[in-house]
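Please read the structure below before turning to the comments.
Keep in mind that this is a model prediction, so the values were computed, not measured.
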Amino acid sequence: MDQPATPALSLAEIEQTRDMIAPYVVRTPVHDWRGRDIEALLAPGTRVNLKLELFQQSGTFKARGAISKMLRLSPEELARGVCAVSAGNHAIATAYAAAALGTSAKVVMMGSANPARVAACRALGAEVVTAPDGRTAFEMVEAIARDEGRSFIHPFEGPYTALGTATLGMEWLDAGWLAVARFA
């Protein structure tokens, strides 16, 4: 069965989400990457800049979406805990968000996940379950959500995840780094 198209996110929704998640995320710097080596690879006048999300609470932009989604859970849903599936970044972000919001997290990670990322999840208080592959990992997280009543924090789908991620772009715009008309 086809799902209805998700409406476009509005600027007002992105601004509201930015304000909502602000206590839990870092406004990360932007670096204008210049130099002879990079300029030799690009067309004249090309500008490259980087949003340094490695300085984010979880080391990645994924915290934005996880926090955005979790802040919209009811108190009862939050009390039951959350679950996620990821090879690393989203699992760490969900563990961070759960710790910041005072709930528990169970993350399903592939057996091939970087041991440092697994350790980071555990250090943030998450229970880590391993799966042999991505397909099995998604099956396992869906079973955990169903059987334990946890809320599934999807790694990349859903309007609240998208709104959280969009706050990164808004920071870029607000800092004047993107030379585009602001939603003209």
Side-chain angles (χ1 to χ4, degrees), residues 3-35 37-39 41-74 77-78 82-101 103 105 107 109 113-114 117 120-121 124 126 134 138 141 151-184:
Q3 293 184 339
T6 302
L9 306 176
S10 72
L11 179 58
E13 290 172 307
I14 298 167
E15 289 172 336
Q16 177 188 20
T17 300
R18 177 198 57 205
D19 296 343
M20 181 185 294
I21 69 173
Y24 306 99
V25 299
V26 174
R27 189 173 182 93
T28 57
V30 178
H31 173 70
D32 203 15
W33 190 11
R34 295 177 188 249
D37 293 338
I38 189 70
E39 290 169 6
L41 297 172
L42 304 171
T46 300
R47 189 173 170 195
V48 177
N49 51 64
L50 310 170
K51 187 84 167 96
L52 301 179
E53 286 290 290
L54 71 149
F55 296 120
Q56 197 52 258
Q57 298 285 9
S58 67
T60 172
F61 75 94
K62 291 285 194 168
R64 295 170 182 272
I67 287 283
S68 173
K69 171 70 175 171
M70 290 172 61
L71 285 171
R72 289 172 167 96
L73 296 176
S74 71
E77 289 170 318
L78 203 56
V82 297
C83 57
V85 59
S86 167
N89 288 342
H90 181 66
I92 296 167
T94 300
Y96 161 73
L101 297 176
T103 192
V107 296
M109 300 179 80
N114 182 309
R117 291 178 177 201
C121 290
L124 287 164
F138 269 93
V141 80
S151 294
F152 178 32
I153 309 302
H154 200 284
F156 52 83
E157 288 185 355
Y160 300 136
T161 300
L163 282 165
T165 302
T167 65
L168 185 149
M170 178 165 276
E171 283 183 17
W172 224 320
L173 283 171
D174 288 345
W177 285 93
L178 295 179
V180 296
R182 186 174 164 148
F183 300 95

Could you tell me whether the side chain of [Y] reaches within less than 4.5 Å of the side chain of [X], counting heavy atoms only?
| X | Y | result |
| --- | --- | --- |
| Thr165 | Phe156 | no |
| His90 | Val85 | no |
| Arg27 | Asp174 | yes |
| Thr103 | Met70 | yes |
| Thr167 | Ile21 | yes |
| Val141 | Phe152 | yes |
| Ile92 | Thr60 | no |
| Trp33 | Asn49 | no |

Would you give the length of the straight line joining atom [atom1] of [X] to atom [atom2] of [Y], rounded to the nearest 0.5 angstrom?
| X | Y | atom1 | atom2 | value |
| --- | --- | --- | --- | --- |
| Ile153 | Thr94 | CD1 | OG1 | 6.5 Å |
| Glu53 | Phe61 | CD | CZ | 8.0 Å |
| Ser86 | Arg117 | OG | CZ | 7.5 Å |
| Ile67 | Thr17 | CD1 | OG1 | 12.0 Å |
| Thr28 | Gln56 | OG1 | CD | 6.0 Å |
| Glu15 | Leu11 | CD | CG | 4.0 Å |

Inset, instruction - Mark yes or no for whether Lys62, through its side chain, and Pro155, through its backbone, hold a donor-acceptor pair below 3.5 Å. - result: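 Checking the backbone N and O of Pro155 against the side chain of Lys62, a donor-acceptor pair under 3.5 Å is found.
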Inset, instruction - For the pair Tyr96 (side chain) and Tyr24 (backbone), establish whether a donor and an acceptor sit closer than 3.5 Å, ignoring hydrogens and angles. - result: yes
Inset, instruction - Before giving the answer on ring pair (Phe, Tyr, Trp, His ring centres under 6.0 Å), spell out for His154 and Phe138 the whole-Å C-alpha distance, their side-chain angles and the decisive distance to 0.1 Å. - result: CA-CA 10 Å; His154 200 284; Phe138 269 93; 5.8 Å; yes
Legend entry - Glu13 versus Gln16, side-chain donor and acceptor atoms under 3.5 Å: no
Inset, instruction - Scan side-chain atoms only and decide if Arg64 and Ser68 contain a donor-acceptor pair under the 3.5 Å cut-off. - result: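 Distance-only check fails for Arg64 and Ser68.
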Measure across [X] and [Y] and return the closest heavy-atom pair with its distance rounded to 0.1 Å.
| X | Y | result |
| --- | --- | --- |
| Asp32 | Val48 | OD1-O, 3.2 Å |
| Cys121 | Ala95 | O-CB, 4.0 Å |
| Ala66 | Ala97 | CB-CB, 4.2 Å |
| Ala91 | Val107 | O-CG1, 3.9 Å |
| His31 | Leu52 | CB-CD1, 4.0 Å |

Inset, instruction - Apply the test side-chain hydrogen bond (donor to acceptor under 3.5 Å, both in side chains) to residues Glu77 and Ser151: give CA-CA distance (whole Å), side-chain angles for both, the deciding distance (0.1 Å), then the verdict. - result: CA-CA 7 Å; Glu77 289 170 318; Ser151 294; 4.6 Å; no
Legend entry - Arg34 bridged to Glu39 by N-O distance under 4.0 Å: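 Answer for the salt bridge query: no.
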